[in-house]
2 protein chains.
Amino acid sequence: MASRPATEAALPNLEKRSGKQRRKANDQTIYESIYDAVLTQRLPPGSKLPEVALGELFGVSRSIVRKALTRLAADHVIEQRPNQMATVAKPSVEETQQIFEARKTIEAEVVRLCAGALSKGDLQSLRQLIKEEKAAHESGQHQERVHRSMGLHLFLADHCPNRVLGKIQRELVLRTSIVIALYKVAGVQACFLGDDHSRLVEFIAKGKGDQAAALVREHLDTLADLLDLKDQQSTIDLASILRP
Amino acid sequence: MASRPATEAALPNLEKRSGKQRRKANDQTIYESIYDAVLTQRLPPGSKLPEVALGELFGVSRSIVRKALTRLAADHVIEQRPNQMATVAKPSVEETQQIFEARKTIEAEVVRLCAGALSKGDLQSLRQLIKEEKAAHESGQHQERVHRSMGLHLFLADHCPNRVLGKIQRELVLRTSIVIALYKVAGVQACFLGDDHSRLVEFIAKGKGDQAAALVREHLDTLADLLDLKDQQSTIDLASILRP
DNA sequence: GTGTACCCGCGTGTATACACTTCCGGGTTC
DNA sequence: GAACCCGGAAGTGTATACACGCGGGTACAC
């Protein structure tokens, strides 16, 4: 049983979430289930994803599973190597920093475009999201809080007037969440940084694009600093250790 | 024969390029072949891509073709609808403008990061690319010129220190090329705009990131202005035409 | 002549069978 | 005792068979 602990431990969690929907899942369902499991750390980085097991779990054949895995690989959620089981992506420290830098560039532009361009209803939804995030935070519901916190950034991505930039932003938000799950130090309340979110929404509401962009950059820098990027387990230099 | 002219006319062009490699193509080969055919307009937007025909053409089964098509759809090169043949993407005017705007944001940052960070050899390669582009331009080799011109931007994407941003840039360059192929007015020498490319490389060589970024934005604006975005065939307002 | 309903063919959606590759474990040999 | 070799189990890679959905064409009715 020690041969593939990640698989045996995590795969059942996939069905736990959605109950007994073992029948007739399509590739989109599988895609979202795995994605969500990765984000909530039920599937930690490096977890193995055997096609047959997934197929049995969702009640479909490997064809569907393979399609979902191909899409997940295209979105950098998992890694596929020839003749080997797919594994949940395990971004390096370097890649993590680059993801944050890239997101700073894109999200700054996204909020700039959003500023003054969102409807009253959109702003209302944003304020509601922040309220729910705080509530989840205070009641200690980890998964809920992660979803709400990420939800604000996803909302901005989905409502950016530039749909192309919005989709890029969405992908980066999700990748960011993965690395946060990977490198987050225990106890840190990621992305719940003071009232950054509240201030950001107000800047957007008042059409102050430049200030919103600046705040986002600062917000992401603070977030990146909270990560424990010193943990270099995956980049151990065997030579320096074993050399006499 | 009028039922699917695009397919019958264009699909044979796929094999024409690679000669007689009808044996044992993998999904990567198919992916690249279709991608290249789209970029060089051998497969114009809207072209149908039947799985069986592609399979026979490349000597593989539909499984491989489907994998390639799934990846192409993820990269916005083709569009897949349930129970319908995949078609080459046909970006709207609005999406085209958004692609250019997004690329301005990303590429400006990419060249800023490249400035002063490229090796002597890289700069040498860039200057060589520009030379080849000019040569292809003057000798009237359309396909070659398109490749070289795009090649400079792809080179910058691939050599950007931030690999994440580089990959986003690469995708946007390719999508830009698609819309250029789609909306280019006859006779326009797209992306061969004076000595923009030469000046850009020199800015990068001298580490003048801000000036390089500014030039890129200007370059892309000029390029977008050359397109005939008034052509709204796909968004015809029937009401305004048929109303008495 | 026109409108409608049915049928058939083409193409995709899904499942499954089989071949190949990889990895692990035991046995043998030096 | 250690290293190498070999065999089998598990998993992916690919092809193929069959089911389903859509669209066009024809025949029939009005």
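Chain identifiers are assigned alphabetically (A, B, ...) following the order of the sequence lines, protein sequences preceding nucleic acid strands; residue numbering begins at 1 within each chain.
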Glu95(B) with Arg175(B): basic N within carboxylate O range, under 4.0 Å: yes

Output yes when Lys104(B) and Glu109(A) qualify as a salt bridge under the 4.0 Å nitrogen-oxygen rule, no when they do not. no

Does Ser63(B) or Val52(B) map to a spot on DNA chain C nearer the 5' end, using the closest nucleotide for each?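 Result: Val52(B).
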
Taking the side chain as every heavy atom from C-beta outward, state whether Ile30(A) and Asp27(A) have any pair of such atoms under 4.5 Å apart.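 SC-SC contact between Ile30(A) and Asp27(A) ruled out.
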
Are any side-chain N or O atoms of Glu51(B) and backbone N or O atoms of Arg62(B), one a donor and one an acceptor, separated by less than 3.5 Å?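 Between the backbone of Arg62(B) and the side chain of Glu51(B) there is no qualifying donor-acceptor contact (under 3.5 Å).
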
Return the value, rounded to whole Å, for the distance between atom [atom1] of [X] and atom [atom2] of [N].
X: Gln80(A); N: dT12(D); atom1: CD; atom2: C1'; value: 10 Å
X: Phe58(A); N: dA15(C); atom1: CZ; atom2: P; value: 14 Å
X: Asp27(A); N: dT12(C); atom1: CG; atom2: P; value: 16 Å
X: Arg66(A); N: dT16(C); atom1: CZ; atom2: C1'; value: 14 Å
X: Leu69(B); N: dT12(C); atom1: CG; atom2: P; value: 9 Å
X: Ile64(A); N: dT12(C); atom1: CD1; atom2: P; value: 16 Å
X: Asn26(A); N: dC20(D); atom1: CG; atom2: P; value: 17 Å
X: Arg81(A); N: dT12(D); atom1: CZ; atom2: P; value: 15 Å

Criterion side-chain contact (heavy atoms from CB on, under 4.5 Å) on Arg71(A) and Thr70(B), from CA distance to verdict: CA-CA 7 Å; Arg71(A) 291 179 47 203; Thr70(B) 299; 3.8 Å; yes

By nearest atom, which of the nucleotides dT12(D), dG11(C), dT14(C) is closest to the Ser61(A) side chain?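 Of the options given, the side chain of Ser61(A) lies nearest dT14(C).
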
Of the listed nucleotides (dT16(C), dG11(C), dG11(D)), which one gets closest to any side-chain atom of Met85(B)?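 Of all the options, the side chain of Met85(B) is nearest to dG11(C).
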
Listing, residues 74-83 of chain B side-chain donor-acceptor contacts under 3.5 Å, not counting sequence neighbours, or none:
| from | atom 1 | to | atom 2 | distance (Å) |
| --- | --- | --- | --- | --- |
| Asp75(B) | OD2 | Tyr31(B) | OH | 2.3 |
| His76(B) | ND1 | Glu171(B) | OE2 | 3.3 |

In the 5'-to-3' direction, what one-character label does each nucleotide of nucleotides 17-23 of chain C receive under the scheme B = base within less than 4.0 Å of a protein heavy atom, S = sugar-phosphate only, - = no such atom? B---SS-

Any donor-acceptor N or O pair under 3.5 Å, side chains Asn26(B), Thr29(B):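 Yes.
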
